[in-house]
Engineer: 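Following this message is one structure expressed as structure tokens.
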Number of protein chains: 2
Amino acid sequence: MFKKVLVSDDLGCTNEGVLSVIKSLKIKHAEQAQYCDDACLKIKRTQLDLDPFDLFITDLSFVKDHREQKYTSGKELIIALKKEYPHLKIIVYSVDDRLQKVRFLMNVHQTNGYVCKGRQGLVELENAIHAVYKNEIYVSPQLKPALSPKNDLEIEDFDILLIKLLSNGLSQEEISAHFKNENRSPNSLSSIEKRLNKLRIQFKANNAIHLVAIVKDLGLI
Amino acid sequence: MFKKVLVSDDLGCTNEGVLSVIKSLKIKHAEQAQYCDDACLKIKRTQLDLDPFDLFITDLSFVKDHREQKYTSGKELIIALKKEYPHLKIIVYSVDDRLQKVRFLMNVHQTNGYVCKGRQGLVELENAIHAVYKNEIYVSPQLKPALSPKNDLEIEDFDILLIKLLSNGLSQEEISAHFKNENRSPNSLSSIEKRLNKLRIQFKANNAIHLVAIVKDLGLI
DNA sequence: CAAAACTTTACGGGAAACCGTAAGGTTTTG
DNA sequence: CAAAACCTTACGGTTTCCCGTAAAGTTTTG
């Protein structure tokens, strides 16, 4: 079984809960961190040692506070860590069950597990730890569809950005100007209208307000 | 100190974390529930006994799943319990830090404590337990402003409803018609425009889309 | 009870969003 | 390499939103 585990979540209570599972698995050495940067530091420091952390369990969302942070989300930290230490096993433990995010972390960045916080969260986490130890990947049952390849009728980044700018109060004309500034194409007012029209249909929205509300509820922006 | 505590949160890991605090306070008897209805049942059952639960710590948001529930949120359950057992001490332990909600539960329904989940959550929870045991009320420091009386320049229900309808995709004209249907006044298109204008200024929004996005982020709708 | 203050409604003009059509580019494909 | 398919842009017309002003109605106040 894993020898040394790091658990990172901004909520102390969640760390406690996860640590109780770790303990029940007879893993001797476990630590916790409440900031991504702390977690990063702890991992980097021990990678040079004889017994580095061999499993990292992390939340994705970390509430900002007074402490300035280099990494402000679990996602960023995972990307950085996987680049530097591809062999470090990482399990995400998050309430965020959006398939996009799951797919991104699992497929693009080779994260080893993704467990949804939920009523069964701790049980699933235990299963995940066992699976990942056997070099398998693990995702919570409700996230399985995320990894099935057929499910790729995706919203593009462009669309997300577009809606995000809308939600920030920019008019379609301002968005067009903004895209022209950044040399991003398409950028004509007409294209933006067209894109929004497609999105409205896709999300069954009556108008732009409705669209933004729906997409916000889905957590896409 | 309290003799018998019930902890309720849909996330098992959070319950574990809270229970670890309870234990450290030498409270012998503690139980947990993952559904509001379960919590309710446990409390009701022991209220007739010699040693009923004398403290109830609960989350507010409970994710719905297959199990049909009478109470679907901590708020509803608290209201019901406080009506039936006014002397039962209740502490809210939630990520939700919206002042409106705090004020509602503390002032209107005599909840005894309100602790924000956060990095310091468990420490604050411990303080809350001590305070509540001494018949004081406790709210997390960042929520203090919620209870100061001056802070009552509230958004009216009308405004909330208005923005909600907007976010549901209704045009201003449709909203006017809708209000006329329900005999709610004011209901003219002009009044609705005026109201929205005021809200846009108040929330520093560029347009209606922006307004809806801001208000959604604040969690008011 | 009448003046003042406020709220609600009406209306008109300009801006932005919405919608269809069509022209000009680019990529795909036989 | 040319036809087809697709994407991007342009443009005009209609609807909705945004904003100011003013009239009508309601409440407050001396």
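All heavy atoms count here, side chains included; hydrogens, waters and symmetry mates do not. No experiment lies behind these values; they were computed from the predicted model shown. Labels below follow one simple rule: chain letters A, B, ... track the order of the sequence lines, proteins then strands, and each chain is numbered from 1.
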Engineer: Tell me, which of residues 180-190 of chain B have any heavy atom that sits under 4.0 Å from an atom in DNA chain C?
Structural biologist: B:Pro186, B:Asn187, B:Ser188, B:Ser190

Engineer: By ring-ring contact (aromatic ring centres under 6.0 Å, His included), which residues pair with B:His109, not counting sequence neighbours?
Structural biologist: B:Phe104

Engineer: So what does B:Ser171 touch, heavy atoms closer than 4.0 Å: a base, only the sugar-phosphate, or nothing?
Structural biologist: sugar-phosphate

Engineer: Where does the chain A footprint on DNA chain C start and end, counting 5' to 3' with a 4.0 Å heavy-atom cut-off?
Structural biologist: C:dA16 to C:dA22

Engineer: Can you list the residues that meet the salt bridge (Lys or Arg N to Asp or Glu O under 4.0 Å) rule with B:Lys89, with sequence neighbours excluded?
Structural biologist: none

Engineer: What's the CD-P distance between B:Glu173 and D:dT14, to the nearest Å?
Structural biologist: 17 Å

Engineer: Side chains of B:Ser176 and B:Gln172: donor-acceptor distance under 3.5 Å anywhere?
Structural biologist: no

Engineer: Just jot down the side-chain contact (heavy atoms from CB on, under 4.5 Å) partners of A:Cys40, sequence neighbours excluded, or say none.
Structural biologist: A:Lys44, A:Tyr71, A:Leu77

Engineer: Mind checking what makes salt bridge (Lys or Arg N to Asp or Glu O under 4.0 Å) contact with B:Lys164, not counting sequence neighbours?
Structural biologist: none

Engineer: Go through the structure and list residues passing ring-ring contact (aromatic ring centres under 6.0 Å, His included) with B:Tyr35, not counting sequence neighbours.
Structural biologist: none

Engineer: Keeping to residues at least two apart or across chains, list the salt bridge (charged side-chain N to carboxylate O under 4.0 Å, His left out) pairs with something in residues 112-129 of chain A.
Structural biologist: A:Asp9-A:Lys117, A:Asp59-A:Lys117, A:Arg119-B:Asp65

Engineer: Starting at the 5' end of DNA chain D and moving along, which residue's nearest nucleotide shows up first, A:Ile209 or A:Lys194?
Structural biologist: A:Lys194

Engineer: Once ring-ring contact (aromatic ring centres under 6.0 Å, His included) is applied, do any residues pair with A:Tyr85, and if so which ones, sequence neighbours excluded?
Structural biologist: none

Engineer: Tell me every residue that passes salt bridge (Lys or Arg N to Asp or Glu O under 4.0 Å) with A:Lys70, counting only those two or more places apart in sequence or in another chain.
Structural biologist: none

Engineer: Base of D:dC19, side chain of B:Glu193 - is there a donor-acceptor contact under 3.5 Å?
Structural biologist: yes

Engineer: For residues 178-187 of chain B, dump all side-chain donor-acceptor pairs below 3.5 Å to protein atoms at least two apart in sequence or in another chain.
Structural biologist:
from: B:Asn187; atom 1: ND2; to: B:Arg184; atom 2: O; distance (Å): 3.3

Engineer: Looking at five pairs on each end of the helix from C:dC1-D:dG30 to C:dG30-D:dC1, what is the angle between the two axes, given to 10 degrees?
Structural biologist: 30°

